[in-house]
Amino acid sequence: QVQGCATSTPPTSKMSAKGAKIFKTKCSACHTLNEGGNSKQGPNLHGIFGAKAGSVKTYDYSGAFKNADITWDEDAINQWLKVPKKFVKGTKMIFAGIKKDKERAELIDYLKSATA
C-alpha cells in the first residue's frame, strides 16, 4: 500500500467498478477511504454511511459542517454529490458536484463497499 493513496475493498459489481473510476478521478485527490486513513484536503471517508456530518476527529471542518444536522445515508450523499454548496451552505469544499444521476449512483454504490 502506498502512503496517502485511496485504498479500498475491490469493487463487487460492474457498477462499483465504474464508481471506483469516478472516485479516483473526482474524489481521491482530496479524500481517502481506508480505515485509519489520513485526511487530506477533505476528510477520510471510511465509515461514512450512518455517520454524522463533521464527525471525523482528525479533520478541521467549516462552521457549516460542524453545525450541520446530517446523518450520511444514500439520499444525503446523493444530494451532497449533486450540488455540495446548496446542500451545506457555507461548506469549504470546492467541488462543483456530479450532475449525472447515473454517475452519482455508481459512485455511491462503490462507496458503500469501499468505506465499510
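Keep in mind that what you see is a predicted model, and the values were worked out from it rather than measured.
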Open item on the list: Test side-chain hydrogen bond (donor to acceptor under 3.5 Å, both in side chains) on N44 and T32; report intermediate values, then the result.
Closed with: CA-CA 5 Å; N44 173 280; T32 58; 2.7 Å; yes

Open item on the list: Looking at L33, is its backbone amide N or carbonyl O close enough to the side chain of H46 to form a donor-acceptor pair, meaning the two atoms are under 3.5 Å apart?
Closed with: yes

Open item on the list: Per the salt bridge (Lys or Arg N to Asp or Glu O under 4.0 Å) rule, what does the pair list look like for residues 45-58, sequence neighbours excluded?
Closed with: K52-D69

Open item on the list: Looking at E106 and K21, is there a salt bridge between them, counting it only when a charged N and a carboxylate O are closer than 4.0 Å?
Closed with: no

TODO: Would you mind reporting whether T91 and Y61 have side-chain heavy atoms less than 4.5 Å apart?
DONE: no

Task: Aromatic plane relationship, W80 with F65 - under 30° parallel, 30 to 60° tilted, over 60° perpendicular - done: perpendicular

Task: Distance in Å, K85 NZ paired with I94 CD1, rounded so as to fall on 0.5 Å steps - done: 8.0 Å

TODO: Could I get the full list of side-chain hydrogen bond (donor to acceptor under 3.5 Å, both in side chains) partners for D75, not counting sequence neighbours?
DONE: Q79

TODO: Examine distances only and state if a side-chain atom of T25 and a backbone atom of I22 form a donor-acceptor pair shorter than 3.5 Å.
DONE: yes

- [ ] In plain terms, say whether E103 and K18 are close enough for a salt bridge, that is, a side-chain N and a carboxylate O under 4.0 Å apart.
- [x] no

Open item on the list: Just so I know, are the side chains of T115 and Y110 near enough to count as touching, which here means a heavy-atom distance under 4.5 Å?
Closed with: no

Open item on the list: Applying side-chain hydrogen bond (donor to acceptor under 3.5 Å, both in side chains), can you list everything that pairs with N67, at least two apart in sequence or on another chain?
Closed with: none

Task: Sole residue of I98, D73, I108 in side-chain contact (heavy atoms from CB on, under 4.5 Å) with N78 - done: I108

- [ ] To the nearest 0.5 angstrom, please state how far the CG atom of L81 sits from the CG atom of L111.
- [x] 7.5 Å

- [ ] Could you tell me whether R104 and D109 have a side-chain N and a carboxylate O separated by less than 4.0 Å?
- [x] no

